[in-house]
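Letters A, B, ... mirror the listed sequences (proteins, then strands); counts begin at 1.
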Amino acid sequence: MENLLEQLNPEQRLAAETTEGPVLILAGAGTGKTRAITFRMANLITKGMPAETILAVTFTNKAAEEMQSRVTDLLLRAGVPPERPWISTFHSLCARLLRREAASAGLPKDFAIYDDDDQLAAVKLAMAKLKIDEDGLTPRNVLGRISYAKNHAQTPEQVRAEAFGPDTRKVADIYAGYEQLLKQSNAVDFDDLLLRSARLLREEPQVRERWRKRFAYLHVDEYQDTNRVQYDLLRLLTNERQNVCVVGDEDQSIYRWRGADVSILLSFSQDFPAAKVIRLERNYRSTQTILDAAGAVVANNPDRLGKTLRAQNEAGGRLRYFEARDAQAEAEFVAGELERLLSDDADQTCAVEYRTNFQSRSFEEAFRRRGLRYKLVGGFSFYNRAEVKDALAYVRLALHPEDDVSLLRVLNVPARGIGKTTVDALRDTAQRESLSFWDAMESLMTNPASSRAVAPLRAFRELIVRLAEAYATKEPADYMRFVLEETGYMDMLKDRNTPDDVARIENLEELVRALAEAMDAGETFTDFLDAAALVSDADSFEGKPGVTLITLHSTKGLEFDHVFLTGMEDGICPHSRSLNEEKGIEEERRLVYVGMTRARKTLTLTRAVYRRVFGNEQQMRASLPSRFLSEIPSELVETVRGSMAEIGETRRYEPDPEYSYSAEEFTRRVRGLPTPAQKMAPRRTERSTTPSFGRPAMRRGGQADSMLGTKVRHPEYGVGTVVGVEGDEDDRRVSVSFPGRGTKKFVERYAQLQQV
DNA sequence: GTCCGCGCCGTTTTT
DNA sequence: CGGCGCGGAC
């Protein structure tokens with residue numbers, strides 16, 4: 001191990017060898033933090049610490065796997081039997097903890113984990129039961145508010161007590177109904193996994209002691225994205241030896257909206273006064289140019305610890321900027337560049353990054369047209385497919401017939417004559433008599449409103465009973481096959497036999513295969529079901545050569561040779577929903593920082609001038625360049641030939657005959673945007689070859705006097721001296737004397753003057 | 001009860 | 001564009 005440790009730089013080595021007591025590793029992007037942390041764990045194990053006493057919490061399952069295999073690799077190289085430390089996400093950790101301590105946690109051993117879809121269905125059901133159907137209260141919105149409340153340790157009663165208006169009181173009611181629904185269904189949601197684990201550890205001393213004793217060494221990666229509950233968990237798991245090692249970077253905190261709190265990272269040294277702080281600032285990933293550009297952007301944020309990343313690679317070429325007419329042209333440009341890069345060297349990794357998922361569409365279309373292969377991270381994961389979820393819902397139902405969400409999902413799939421009327425009756429009965437749907441069915445059958453529904457309901461109940469009985473006697477994979485046959489699900493697909501159905505059949509066969517493999521690997525059926533709920537989008541990333549389409553959020557922790565940061569427009573990135581709040585803008589800025597620092601060799605920024613709303617041909621909306629573009633120093637960027645404008649240049653777009661607007665309509669749309677008049681610059685027919693101007697040409701709003709005598713650069717006349725200023729703020733004219741060319745007068749906001 | 005078509009609506013980010 | 005709810009036809 002000694003030899004291996006020598007491969008680390010001094011700071012990494014310090015991190016790997018400081019094994020006792022609290023440690024805060026402030027690790028900038030690409031500084032080898034995973035390396036440091038895996039060496040640290042391998043080091044502990046070679047020194048004789050039992051692997052099972054070591055815990056590492058990562059942000060994604062993928063990261064956990066990656067870390068696991070690297071530790072194994074190191075141990076083999078050190079000639080030590082490769083034991084496996086416990087490495088998982090917070091959510092997986094909690095799922096396993098709750099399963100093992102189910103009795104103390106007040107849960108059945110085989111509780112279900114509701115994923116996002118299930119949670120949404122539960123909210124819808126709760127709303128339907130309460131007959132709440134307000135315009136402003138969409139299930140999605142309500143779920144967000146419930147999740148927020150949960151993560152801030154607010155009960156429905158507290159939400160109601162603090163409610164401002166009737167809407168929030170209704171949210172509180174839905175929240176209460178939702179909780180009731182989960183309880184009766186023997187289900188927990190994502191938030192519950194954390195909350196219930198924390199509560200269990202807090203309230204059950206003997207359980208807490210057991211786990212504290214077990215985990216002698218704690219590690220938390222991506223600590224800047226830890227939320228309050230996760231922090232509580234960490235504190236509860238920390239024993240008196242305080243061997244807590246956290247790794248984070250305040251500039252990469254991008255999950256504030258789901259409760260992440262950077263101040264947890266920033267106050268680590270107060271929480272653990274004995275903490276040693278180690279800074280990793282040597283960057284092994286990117287060029288210095290990329291680091292400088294990204295650093296300049298994030299430097300605009302307040303509340304930073306601050307850091308200087310030093311590239312160990314060469315300086316590298318400038319960033320490139322391309323402004324396309326619309327999303328299609330943007331995609332075509334990126335596709336062309338990717339083809340060029342990959343024809344040079346097909347072994348390179350390339351990423352197309354975007355702020356929102358819908359942006360992937362135009363890229364997918366363009367890439368498919370050209371036969372350019374790509375991988376899409378996110379979107380539709382295997383376990384999110386309707387047929388897979390249906391199949392798993394039957395299994396859950398066999399375990400717990402009171403699971404309303406699962407029951408409603410499959411009650412009439414395949415169609416068995418239980419329609420809307422019957423479901424409405426069931427829901428009313430369930431609500432009125434505080435029953436699960438399962439029990440409401442019983443009640444309705446003995447006292448039916450219409451006799452027509454009785455037979456189908458009875459048949460369904462008998463089906464579920466058969467599934468429940470078979471569960472105990474069959475191997476999981478066989479059981480899965482049995483479920484698909486017995487429920488008539490397979491027959492339904494075979495009868496319809498559309499191309500989609502054929503694909504669904506294949507997916508279900510794949511599900512059975514995956515289940516069999518998991519069993520071979522020593523997992524239990526519930527392990528498998530947990531994994532199905534807890535896989536994340538980012539987990540599908542494989543890091544193979546080629547093109548990856550990915551959201552900025554999902555790129556955290558990844559790296560690529562070539563990165564295209566697309567959709568750099570105000571309203572997209574920064575996203576329009578974040579514009580009215582300073583903290584929101586700051587988070588968007590960090591998101592851009594994360595996206596930029598993924599790049600090893602080249603970084604290309606793109607934007608579309610016109611973007612259609614909701615794929616509507618008629619509605620093209622003109623955009624302004626992302627404000628973050630102007631935060632990149634101009635000398636670090638070059639504009640690609642064929643681009644409609646240079647970076648930092650803001651220009652007015654005239655009505656374009658290619659788009660079907662009336663001139664008035666167009667003007668109205670453009671004016672409707674938050675466009676300060678002085679940010680407009682006229683269309684320029686000729687493009688200068690000098691680097692584009694990243695910063696505003698001249699400081700505006702300054703005293704006229706202070707401008708007199710300063711030197712400025714004009715794209716055509718060169719450097720001159722300001723000899724006169726007249727007019728007011730918005731319409732100021734500047735006289736500049738150019739050596740040998742006389743004095744010229746400019747309207748300041750139109751002239752491309754740069755202070756020198 | 002089931003099927004189908006129409007119109008409305010909305011797009012942050014995700015464990 | 002795509003998903004969903006609703007209303008009407010069978």
Side-chain angles (χ1 to χ4, degrees), chain A residues 57-64 88-95 113-117 119-120 124 128 133 135 138-141 143-144 147 150-151 188-194 222 225-227 229-230 253-260 327 353-362 364-365 377-381 384 386 412-425 450 452-453 455-456 496 530-531 533-539 550-556 567 571-579 584 587-588 590-592 594-595 611-619:
Chain A
V57 179
T58 57
F59 207 70
T60 63
N61 295 297
K62 195 82 202 172
S88 73
T89 62
F90 265 117
H91 287 86
S92 299
L93 166 70
C94 291
I113 299 173
Y114 276 5
D115 70 10
D116 192 60
D117 280 354
Q119 290 177 45
L120 202 57
K124 280 184 189 163
D133 183 20
D135 267 1
T138 63
R140 173 56 65 192
N141 175 275
L143 177 58
S147 179
K150 282 192 165 194
N151 277 306
V188 302
D189 64 18
F190 284 150
D191 299 322
D192 287 334
L193 287 172
L194 306 177
E222 308 285 7
D225 279 321
T226 300
N227 68 29
V229 184
Q230 291 167 334
S253 172
I254 55 175
Y255 285 98
R256 195 177 74 102
W257 51 273
R258 83 174 194 212
E353 302 177 341
Y354 37 79
R355 176 66 178 81
T356 62
N357 279 305
F358 84 94
Q359 291 169 259
S360 71
R361 271 261 292 284
S362 44
E364 288 188 82
E365 282 165 15
V377 174
F380 245 53
S381 92
N384 263 327
N412 204 30
V413 187
R416 17 177 105 86
I418 307 175
K420 190 174 178 311
T421 316
T422 309
V423 171
D424 285 347
S450 101
R452 199 165 153 190
R496 286 196 309 221
D530 285 358
L534 295 171
V535 285
S536 73
D537 288 341
D539 294 337
I550 192 166
T551 62
L552 285 169
H553 280 90
S554 296
T555 61
K556 195 172 70 162
I572 300 266
C573 183
H575 193 270
S576 52
R577 303 276 277 248
S578 68
L579 292 180
E587 177 137 317
E588 300 285 307
R590 290 191 291 270
L591 209 41
V592 168
V594 168
R611 207 173 269 281
R612 61 188 57 181
V613 276
F614 302 127
N616 189 333
E617 289 286 344
Q618 303 307 312
Q619 282 197 319

Separation of atom [atom1] in [X] from atom [atom2] in [N], rounded to whole Å:
{"X": "A:Phe358", "N": "B:dT14", "atom1": "CZ", "atom2": "P", "answer": "14 Å"}
{"X": "A:Lys420", "N": "B:dC4", "atom1": "NZ", "atom2": "C1'", "answer": "17 Å"}
{"X": "A:Asp189", "N": "B:dT14", "atom1": "CG", "atom2": "C1'", "answer": "14 Å"}
{"X": "A:Lys124", "N": "C:dG5", "atom1": "NZ", "atom2": "C1'", "answer": "10 Å"}
{"X": "A:Asn61", "N": "B:dT14", "atom1": "CG", "atom2": "P", "answer": "15 Å"}
{"X": "A:Tyr354", "N": "B:dT11", "atom1": "OH", "atom2": "C1'", "answer": "14 Å"}
{"X": "A:Arg140", "N": "C:dG5", "atom1": "CZ", "atom2": "P", "answer": "14 Å"}
{"X": "A:Leu552", "N": "B:dT13", "atom1": "CG", "atom2": "P", "answer": "11 Å"}

Going by heavy atoms in the side chains, are [X] and [Y] under 4.5 Å from each other?
{"X": "A:Asp189", "Y": "A:Lys150", "result": "yes"}
{"X": "A:Leu579", "Y": "A:Pro574", "result": "yes"}
{"X": "A:Ile113", "Y": "A:Val188", "result": "yes"}
{"X": "A:His553", "Y": "A:Ile254", "result": "yes"}
{"X": "A:Asp116", "Y": "A:Arg140", "result": "yes"}
{"X": "A:Leu193", "Y": "A:Leu534", "result": "yes"}

**Report entry** DNA chain B: 5'-proximal contact among A:Arg416 and A:Thr551 (nearest heavy atom)
**Finding:**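 Its nearest nucleotide lies further toward 5', so the answer is A:Arg416.
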Requested in this report: Nearest-nucleotide wise, let me know which of A:Arg577 and A:Phe190 is further upstream toward the 5' end of DNA chain B.
Outcome: A:Arg577
When you measure from the side-chain N and O atoms of [X] to the phosphate of [N], is any distance below 4.0 Å, counting only OP1 and OP2?
{"X": "A:Ser92", "N": "B:dT15", "answer": "no"}
{"X": "A:Thr138", "N": "B:dG10", "answer": "no"}
{"X": "A:Asn357", "N": "B:dT11", "answer": "no"}
{"X": "A:Asn151", "N": "B:dT15", "answer": "no"}
{"X": "A:Asn141", "N": "B:dG10", "answer": "no"}
{"X": "A:Ser554", "N": "B:dT14", "answer": "yes"}

Query raised in the report: Is A:Trp257 stacked on the base of B:dT13, meaning ring centres closer than 5.5 Å and planes within 30 degrees of each other?
Result: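 Yes; centroid distance and tilt both under limits.
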What pairs of nitrogen or oxygen atoms, one from the protein and one from nucleotides 1-3 of chain C, lie under 3.5 Å apart?
from: C:dC1; atom 1: O4'; to: A:Arg361; atom 2: NH2; distance (Å): 3.1
from: C:dC1; atom 1: O3'; to: A:Arg361; atom 2: NH2; distance (Å): 3.4
from: C:dC1; atom 1: N3; to: A:Phe614; atom 2: O; distance (Å): 3.4

Report task. Report the residues that fulfil side-chain contact (heavy atoms from CB on, under 4.5 Å) with A:Ala64, sequence neighbours left out, ordered by chain and then residue number. Result -> A:Thr58, A:Ile87
Query raised in the report: Taking only residues two or more places apart in sequence, or in another chain, which ones meet A:Ala260 in a side-chain contact (heavy atoms from CB on, under 4.5 Å)?
Result: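 With neighbours one apart ignored, the set is A:Asp225, A:Tyr255.
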With heavy atoms under 4.0 Å as the rule, sort [X] into base, sugar-phosphate or nothing.
{"X": "A:Asp115", "result": "nothing"}
{"X": "A:Tyr255", "result": "sugar-phosphate"}
{"X": "A:Thr421", "result": "sugar-phosphate"}
{"X": "A:Thr422", "result": "sugar-phosphate"}

